[in-house]
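Both counts, for ligands and for their atoms, begin at 1 and track the order of listing.
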Amino acid sequence: MTSASKILVLNGPNLDRLDLRDSAIYGMMNFTQLSEFVLRNASDLGLEAEVRQSNSEVEIITWLHEAADGRNPVILNPAAFTHYSYAIRDAAAMLKAPLIEVHLSNPLAREEFRHTSVISGVAQGTIGGFGPDSYRLALLAMKELI
Ligand code: DQA
C-alpha cells in the first residue's frame, strides 16, 4: 500500500515504446525520459509521485483499485484504452482522490475513433496535446486539487 499523498502516474499500452512511435505525434522522449521528466517536475512542485506503465488492462485496473484503497490521487494516460475500456472507467470511478486524464497528443485533433474518451466523464479534467508538458500541467493542476 502506498502513502495517500503519493500521486500515481499510470500509463497504458504502447507508451513503453514511445521511441518507436511517430515522433511527430508523440515527441522525442522515450518512456524512461518521460518518467524522469514527470518525477523531476513532481519533485520541483514538492509532490511525491510514482510512474508506472502497463500494456495490460488487468494490471491498470489492479493499480486503480490500489489507488482507491490507498486514497491516492491519480494521473492517468490510458492510451488506446481511453477510447473503449469501460472496465478502466469503472475502476477509475471508484477512486477517492482526484483523477486527471492526460495525453501526449490531442486525441480530438486525430482520427475519429480517438474523439471518444470513456474515461473523461469520471476525471476531474483532461489535459492533452502538449507532449510531456501535459503531465507537468496535470501535476500543477493536481497540486491545486489535493
Ligand atoms: C495517447 C492518445 C491515444 O489515442 C493513443 O492510443 C495513445 C496515446 C496520447 O498520449 O496521446 O496510445 O493516449
Does Y86 have more than 12 heavy atoms from other residues, nucleotides or ligands lying within 6.0 Å of its OH?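 12 or below, so no.
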
Please confirm whether the backbone N or O of [Y] pairs with a side-chain atom of [X], one donor and one acceptor, at under 3.5 Å?
| X | Y | result |
| --- | --- | --- |
| S43 | L39 | no |
| N72 | K6 | yes |
| Q53 | G12 | yes |

Single-linkage hydrophobic cluster, 4.5 Å side-chain cutoff, I119 and V102 together: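 The answer is no; the residues belong to distinct hydrophobic clusters.
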
Check each N or O atom of ligand 1 against all protein N or O atoms and list the pairs under 3.5 Å, with atom names and distances to 0.1 Å, one per line.
| residue | atom | partner | partner atom | Å |
| --- | --- | --- | --- | --- |
| ligand 1 | 4 (O) | H83 | NE2 | 2.7 |
| ligand 1 | 4 (O) | R114 | NH1 | 2.9 |
| ligand 1 | 6 (O) | A80 | N | 3.2 |
| ligand 1 | 6 (O) | R114 | NH1 | 3.0 |
| ligand 1 | 10 (O) | N77 | ND2 | 2.8 |
| ligand 1 | 10 (O) | L104 | N | 2.8 |
| ligand 1 | 11 (O) | L104 | N | 3.3 |
| ligand 1 | 11 (O) | S105 | N | 2.8 |
| ligand 1 | 11 (O) | S105 | OG | 2.5 |
| ligand 1 | 12 (O) | R21 | NH1 | 3.1 |
| ligand 1 | 12 (O) | R21 | NH2 | 3.1 |
| ligand 1 | 13 (O) | N77 | OD1 | 2.8 |
| ligand 1 | 13 (O) | H103 | ND1 | 2.8 |

Filter on side-chain hydrogen bond (donor to acceptor under 3.5 Å, both in side chains), then keep only pairs touching residues 93-113, sequence neighbours left out; what's left?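 Passing the test, one end in residues 93-113: Y26-R110, E101-H103, E101-S117, E101-S120, E101-T126, S105-R110, E111-R114.
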
